[in-house]
Structure formats: structure tokens, C-alpha cells
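Letters A, B, ... mirror the listed sequences (proteins, then strands); counts begin at 1.
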There are 2 protein chains.
Amino acid sequence: MSVISHPADTPPPEPNPGVDTRFLESLIGYNARRAALAIIGHVLPRLEPWGLRVVDFTVLTLIAHNPGITSRQVCAALDILPPNLVGLVRGLEQRGWIERRDHPTDRRAQALYVTPRGAAVQAQAQALVSAVESSDVTHLDDVERTMLIRLLRKVYLGRNA
Amino acid sequence: MSVISHPADTPPPEPNPGVDTRFLESLIGYNARRAALAIIGHVLPRLEPWGLRVVDFTVLTLIAHNPGITSRQVCAALDILPPNLVGLVRGLEQRGWIERRDHPTDRRAQALYVTPRGAAVQAQAQALVSAVESSDVTHLDDVERTMLIRLLRKVYLGRNA
DNA sequence: TATTGTTATACTCTATAACTATA
DNA sequence: TATAGTTATAGAGTATAACAATA
């Protein structure tokens, strides 16, 4: 595919009058990707003031909502490979937003916690992300939004929507 | 975010029992991305026998459906940057699936066409992709599928669904 | 023997700058 | 002056192998 991301907030690709894209537009994968990139395109520049990328926000959020979570669990939840998480965690730690403590029962692992400052940043960013999703995507009413999420979950989970 | 792609057909990430991902799961962007990656994960290995990646298939399809289309138009339709398309077009050409001819009116541009072999490959691949989408994603009935696509288009186009 | 976190590294994907030949 | 296609290259993002410490 490719329907890509770009500099940050490039205008949405088409409509490209002369070109027939009907087959691609009949594919759920194509449309889901375009929708995801459109939303990320809106969220990205609004997180930039904090120096947060979407991944950073996602990891920070997961730690905020799951005090004491391990790196391994973050990796599993977000499907990030362990080597690629190392830098993300280090970045958040260096900015004083999270801290690592000894894991209570497993001395190999480390328990991750947000600091008070990290919690504040996360809360603001979360509010902002929620707002962007339900304002920029406000072409959808609540029923449609709920329906859309249910259908998407059905696609990637298979029935347990 | 990250909910990534992986080796090719890694099992879908979670469910990760202990971890609270409720906020992320309330986001359309998160769910759309997961759905897109799940589908791509199914399509990818099935295109591999032809040596086609998803981008290759998308470009080939666009040329097949739009004889005489220019590189610039392909870029605009798929939101690929021109430098990144060069290698894709060259690859398809070297395999004898597309050819470039002089553009009838603009001597800077070149018109792209599928060859008979290219058309055959594209038709098979298209049938396969359609089949994968409506079998692996068959958790959705036709009504749901139509609804899902309409809602996704509404997200990235804004009303003209 | 398997797992956690880590380093180092490779590979792919996406983006920028700059050039040529036309328009 | 602007656009189509191209080269070269830089930078993200994603993946693999291998190791020390612990389970």
C-alpha cells in the first residue's frame, strides 16, 4: 500500500479526479489505513509541543494506566519489539516522566511508574487526544463512532467485538 | 502508536490479560491501525509467491485500472513521494509487468501501461486480495462490511462518504 | 533451559535536496 | 517560473542476533 504519513500535516492525498481507485477503495485494509493515517496526522502536530510522538504517548499512557507494568508487558500490549522499546523508555525517563523501580518478585525485571510530572503530562495529552478524535473526526456521531470501533475490533479480533 | 507489522504473520498481539488498554481501545486511530495491520498481515504472505509487496500490488493495480497514467498521478493517488516511486516502477518494469511509453502531449512525462503478463498477474492478485479480505475478514457480513467502509471514508474524507 | 532487559546492527520505509529536460 | 522524472542521501521505523543476569 502506501498512502503515507508525510511532513506532519500534509493535506489529505486526493480526491484525484481522473484516476480510477474504485477497487482499492473497496478494500477494508486500504480504507482502514487511510483513516488511521488521517487521524494520526491530526494528533501528531498537537502532541509535538510536548515533544511526544504517538508511540511515546502510547507508552506513557500504558504506564500511567498500569503502575508497575514491565517493559515486557508494554511490548506485548503494543506489539513493540523489546530492543525498540529501550530507547522509548529511556527517553521518557530522561525527561523525568517515568521511573523504573525494582520489580517486587522478579529481579530481572523492572517496574515502570509515571512520576507526578509524567502523570500531569499524560493526563493533558490524553485529554487532547480524546478531543482531537471527537472533534476532527466529528463527522461521526456517537452511534457511528461506537459502531465503527465495534466493526474494527471485529476485524482484528474476530467476533469478540 | 505502534502495534506493528512484524516478521510477516506474527500472531495478533494481545489479548494481554493483566494490562489495562481501555483508553487506547477507545480511540478510532488505534483500532483503525490495528485493523489495517491485521489485514495487511493476511494479505502480505499471499502476495509473496509473486514477489509482490502490498505497495507493488497497489501500484500495479492502479496502472492496470488506469492505462496511460503517469508516475506523478500514481504518486498523488497513493500519497507516495516521487523519489520513492522510482524504484517501484523500475521493479515492475524489469519483471516485464508494466511498460513506459512516451506521453502523447507532455514530453517530460511517461505513460504507464501493464503488459499482457502484467495484466494477468494483476488480475490474479486482485482476485486473491478480494478473497482474503472477504474470507479472513468474514467475521463481517455484507452489511457490516459496507457500513465499515462508509464510516472509514467518512473519517478520512469528511462527510462525502 | 527459558526469560528480562540490553547492545549492536541490518533492513525497510519515508522524507529532503538538488539536478535534467521539458512546459 | 514551474513541473515530471530522477539521483543521492538522510532519517524513522522495524527486525535479528547475541549477551549478562536472573528465573
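Of the candidates C:dT6, C:dT14, D:dA4, C:dT6 carries the atom nearest the A:P83 side chain, counting heavy atoms from C-beta on. Side chain of B:R108, nearest nucleotide from D:dA4, D:dG5, D:dT22: D:dA4. Candidate nucleotides D:dT16, C:dT7, D:dG5 were compared by shortest atom distance to the side chain of B:R72, and D:dG5 ranks first. Checking D:dT7, D:dA4, C:dG5 against every side-chain atom of B:V86, the shortest atom distance belongs to D:dT7. With D:dG5, D:dT22, C:dA23 as the candidates, the nucleotide lying closest to the side chain of A:D106 is D:dT22. Of the candidate nucleotides C:dG5, C:dC13, D:dT14, C:dC13 has the atom lying nearest to any side-chain atom of B:R53.
In this structure, B:I80 atom CD1 and D:dG5 atom C1' are separated by 15 Å, rounded to whole Å. One interatomic measurement links the two molecules: CG of A:L37 to C1' of C:dC13, which rounds to 13 Å at whole-angstrom precision. Rounded to an integer number of Å, the gap from A:L81 CG to C:dC11 P is 16 Å. Rounding to whole angstrom units, CG of residue A:D102 and P of C:dG5 are separated by 12 Å. In this structure, A:L112 places its CG atom 13 Å from P of C:dT4, rounding to the nearest Å. The separation between B:N84 atom CG and D:dT6 atom P is 13 Å, rounded to whole Å. Across the protein-nucleic acid pair, A:I98 atom CD1 and C:dG5 atom P stand 12 Å apart, rounded to whole Å. Between the NE2 atom of A:H103 and the C1' atom of C:dT4 there is a distance of 11 Å, rounded to whole Å.
Residues A:R145 and A:D142 are not paired through a salt bridge, judged by the lack of any N-O separation under 4.0 Å between the basic side chain and the carboxylate. No salt bridge links B:E25 with B:R34; every basic N to acidic carboxylate O contact stays at or beyond 4.0 Å. Taking the charged nitrogens against the carboxylate oxygens, A:R95 and A:E93 have no contact shorter than 4.0 Å, which rules out a salt bridge.
Regarding contacts with the backbone of D:dT6, a side-chain N or O of B:Q110 is found under 4.0 angstrom from either OP1 or OP2.
When each of A:R90 and A:A109 is assigned the nucleotide of DNA chain C bearing its nearest heavy atom, the one mapping closer to the 5' terminus is A:A109.
Within 3.5 Å, no donor on the side chain of A:R107 pairs with an acceptor on the base of D:dT22, nor the reverse.
The cationic atom of A:R101 (NZ for Lys, CZ for Arg) lies less than 6.0 Å from the six-membered ring centre of A:Y113 and within 45° of the ring axis.
Of the N and O atoms on the side chains of B:Q122 and B:T61, at least one donor lies less than 3.5 Å from an acceptor on the other residue.
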